[in-house]
Amino acid sequence: MTGTLTTRGGRSVAIGAGGLAVLLGALDTYVVVGLFRQIMQDLQIPVNRLERLTPVVTGYLLGYVAAMPVLGQASDRFGRRRLLQICLGGLVLGSAVTAGAPSVPVLVAGRVVLGVAGGALLPVTMALAADLWAEHRRAAVLGAVGAAQELGSVLGPVYGIALAAVAGWRGVFWVNIPLALLAMLAVHLSVPARRAETGTSPVDLRGGALLAVTLGLAVVGLYNPDPAEQVLPDWGVPALVGAAITGTLFVVHQSRARLPLIDTTRVRMRPFLAALGASLAAGAALMVTLVDVDLFAQTLLGYDDHGAVLLLLRFLVALPIGALLGGALASRFGERGVSVCGLLLAAGGFGLMSTWTADVLSAAYRPGPVPLPKADVDLALVGLGLGLVIAPISAVVLRLTPPEQHGIASAGVVVARMTGMLVGIAALSAWGLHRFHSLTATLDVPLRVLFDSEAEFRSAMDDYTAALRDAMVTQYTEIFAITGVVCLAGAVCAALLGGTRTR
């Protein structure tokens with residue numbers, strides 16, 4: 001469907017309905033972060049058995065990543081409106097199951113359904129933007145869609161905590177139902193029923209199933225609920241071996257399938273793969289920021305959960321602003337330049353974060369008469385940089401693929417980003433733990449009986465505590481430095497995207 005099939009106002013309403021669906025899905029992704037304490041109390045989970053709630057996170061992520069490619073291709077086959085409504089219906093079902101869950105297994109089942117439904121909302125809406133807008137106007141619209149997604153990451157934890165304080169954690173999911181029904185009505189009234197170029201090819205269910213199993217095994221294998229003991233969980237190696245086997249079968253199937261998920265004969269593969277590589281790097285950097293800044297705040301700055309979230313808001317607010325700017329700038333100056341600049345800006349921000357100390361909150365830049373807090377500036381730079389990349393990369397991928405493959409292509413961008421988030425945090429967490437243990441291996445805990453006076457013992461304990469803090473600072477700053485290098489690698493990939501803005 002081209003931009004001439006609907007009026008400008010009609011297109012705006014249609015993409016607004018899709019953006020509402022994306023926002024709902026994003027809110028649901030992050031809302032559970034602040035609800036764990038209430039869930040544990042309600043379901044009578046002991047504080048020392050937090051691992052029982054691990055599947056609540058991994059189950060959602062598994063459904064989110066695994067179902068996205070096949071649902072993206074299904075939207076190419078059956079139309080965006082139908083898939084958006086199906087996914088919103090899944091959001092209603094998953095919310096009802098989650099809200100009424102009497103036990104952890106039912107809660108996990110509800111979250112898996114929510115993950116499957118939420119995972120397809122973003123790529124299908126991105127494909128809808130490609131259907132409705134011409135190439136030279138598309139990046140700005142994709143920036144708005146990306147901003148809706150990132151706005152959910154900003155509002156999700158705060159929204160969940162605030163609503164749970166009034167209606168309890170179950171009320172958070174009950175509220176999803178009328179919101180999703182409202183979004184379904186908006187989609188029904190505004191989004192065209194089908195694309196003009198209706199396809200007749202079936203969905204590649206076999207390829208989708210192989211890819212879903214591959215991604216699912218990778219998620220399960222990389223997620224370690226207790227990284228202090230070992231890099232991978234006990235089931236990590238078998239799961240990753242299984243992922244490698246099913247991934248190989250997927251590649252073989254795609255090379256022989258009559259109607260593969262992505263028809264590589266009609267796609268310029270070098271810039272397409274470069275876009276996926278840039279998306280993967282951005283995803284890794286995003287997850288490192290979300291996890292390690294939160295840990296830095298709690299372990300070194302003495303913040304509680306709420307304080308850590310407030311520190312992270314500098315990054316989270318800059319992210320949707322960067323997404324909007326990226327879309328507008330890409331339409332004017334080209335996708336490649338904006339993508340490269342965004343990743344270089346993020347790399348510079350991480351370089352500045354690699355100089356953080358335990359008293360970073362008292363540090364400031366003084367470019368003029370008004371000092372600028374260092375932590376605020378560094379986090380804002382990273383958020384703006386990663387936000388700038390969202391729309392241009394999506395626009396490039398959609399430009400490189402034929403209209404009948406826009407759904408699966410958009411899903412590919414999001415899957416690459418999620419894969420970067422998973423692999424990046426797993427690899428860098430393993431490195432950080434290794435460095436911390438190596439730096440503290442020679443430290444001995446002072447024992448009172450070994451000292452002649454209380455003053456000597458206190459002095460030794462202070463030295464020990466300072467050494468631990470120095471080791472933690474080194475751990476985090478090296479992770480930030482490595483993430484900066486990852487962003488530089490992503491910038492190299494972005495430089496291979498090919499031409500400038502579409503004319």
Side-chain angles (χ1 to χ4, degrees), residues 12-36 38-39 42 56-57 59-61 63-64 67-68 71 75 80-101 106-129 144-191 309 316-317 319-320 323 414:
S12 298
V13 173
I15 203 65
L20 174 60
V22 168
L23 178 61
L24 282 176
L27 283 173
D28 201 70
T29 301
Y30 297 95
V31 75
V32 76
V33 173
L35 304 180
F36 275 164
Q38 286 194 28
I39 293 174
D42 189 9
V56 175
V57 177
Y60 182 92
L61 192 60
Y64 189 99
M68 190 183 299
L71 289 178
S75 78
R80 315 301 179 204
R81 186 173 80 176
R82 183 177 299 178
L83 258 294
L84 283 172
Q85 289 180 321
I86 289 173
C87 291
L88 287 167
L91 199 65
V92 171
L93 174 62
S95 297
V97 173
T98 303
V106 178
L107 177 65
V108 171
R111 291 294 291 172
V112 170
V113 174
L114 286 171
V116 171
L121 290 172
L122 178 60
V124 173
T125 303
M126 290 164 60
L128 175 65
V145 174
Q149 168 73 15
E150 303 312 328
L151 183 62
S153 69
V154 178
L155 298 177
V158 179
Y159 162 80
I161 292 172
L163 189 55
V166 177
W169 73 269
R170 297 182 186 273
V172 174
F173 296 102
W174 285 126
V175 169
N176 274 352
I177 295 177
L179 294 177
L181 292 174
L182 179 63
M184 289 178 71
L185 178 62
V187 167
H188 178 76
L189 294 177
S190 60
V191 177
V309 170
L316 293 174
V317 170
L319 201 60
V414 182

Next on the checklist: Test side-chain contact (heavy atoms from CB on, under 4.5 Å) on Leu91 and Leu114; report intermediate values, then the result.
Outcome noted: CA-CA 5 Å; Leu91 199 65; Leu114 286 171; 3.5 Å; yes
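Side-chain contact between Leu107 and Thr98 is present, with at least one heavy-atom pair separated by less than 4.5 Å.
The line from CG of Leu93 to CD1 of Ile86 is 13.0 Å long, rounded to the nearest 0.5 Å. Between the CZ atom of Arg170 and the OG atom of Ser95 there is a distance of 13.5 Å, given to the nearest 0.5 Å. For the atom pair CD1 (Ile39) and CG (Asp42), the distance works out to 8.5 Å, reported to the nearest 0.5 Å. In this structure, Leu182 CG and Ile177 CD1 are separated by 14.0 Å, a value rounded to the nearest 0.5 Å.
Nearest heavy atom pair, residue His188 against residue Arg81, reads O-NH1, 3.1 Å. For Phe173 against Ala99, the heavy-atom pair with the smallest separation is CB-CB, 3.8 Å. Minimum interatomic distance between Val97 and Val106 (heavy atoms only, all atoms of both residues): CG1-O, 3.7 Å. Taking both residues in full, the closest heavy atoms of Ala117 and Cys87 are given as CB-O, 3.1 Å, listed atom of the first, atom of the second, then distance.
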